[in-house]
Amino acid sequence: MRYFAAAAEAAGTQSEQVPAEDLGSLLDQLAELHGAGLGRVLSRSTVLIEGRYVSDRSLRLGQDAVLDVLPPFAGG
């Protein structure tokens with residue numbers, strides 16, 4: 001997991017390794033691990049796996065998959 005902006009702030013880290021079988025269980029686990037603040041950020045964020053946008057919570061994750069959490073950014 002790589003977190004950016006508000007996601008990094010809510011998680012208290014810029015990156016971490018978290019084992020999970022699918023995207024949904026990973027996101028649920030992260031919210032449980034880091035609290036409601038990260039849960040709120042995750043619900044509004046874009047998730048990329050290996051640089052590709054994903055939203056299907058049932059998507060199976062590869063063992064060494066790199067995920068990015070990109071919260072909405074202000075400005076332009």
Seminar exercise, completed: Rounded to the nearest 0.5 angstrom, the CG-CG distance for Asp22 and Leu59 is 8.0 Å
Exercise. In terms of hydrophobic clustering (I, L, V, M, F, W, Y; side-chain heavy atoms under 4.5 Å; direct or indirect links), are Ile49 and Leu26 co-clustered?
Worked result: yes
Exercise. Is there a chain of hydrophobic side chains (I, L, V, M, F, W, Y, each step under 4.5 Å between heavy atoms) that links Met1 to Leu61?
Worked result: yes
Exercise. Are Val69 and Val54 connected in a single hydrophobic cluster, I mean Ile/Leu/Val/Met/Phe/Trp/Tyr linked by side-chain heavy atoms less than 4.5 Å apart?
Worked result: yes
Exercise. Which heavy atom of Leu38 sits nearest a heavy atom of Ala11, and at what distance?
Worked result: CD2-CB, 4.1 Å
Problem set entry | Euclidean distance, Leu70 CG relative to Arg2 CZ, rounded to 0.5 Å | 9.0 Å
Exercise. Any donor and acceptor pair, going by atom type alone, linking the side chain of Glu50 with main-chain N or O of Val66 inside 3.5 Å?
Worked result: yes
Problem set entry | Distance-minimising heavy-atom pair for Pro71 and Ala6 | CG-N, 3.7 Å
Exercise. Quick one: are Leu23 and Leu67 in side-chain contact, heavy atoms under 4.5 Å?
Worked result: yes
For this session: State yes or no: do Val18 and Phe4 share one hydrophobic cluster built from I, L, V, M, F, W and Y residues joined by side-chain heavy-atom distances below 4.5 Å, directly or via other members?
Result: no
For this session: Show your reasoning for whether side-chain contact (heavy atoms from CB on, under 4.5 Å) applies to Asp28 and Arg57.
Result: CA-CA 10 Å; Asp28 293 345; Arg57 289 179 57 91; 2.7 Å; yes
Exercise. Which one of Glu16, Gln14, Glu9 satisfies the side chain to side chain donor-acceptor pair (under 3.5 Å) criterion with Tyr3?
Worked result: Glu16
Exercise. Should we say atom CD of Gln29 is surrounded by more than 12 heavy atoms from elsewhere, each under 6.0 Å from it?
Worked result: yes
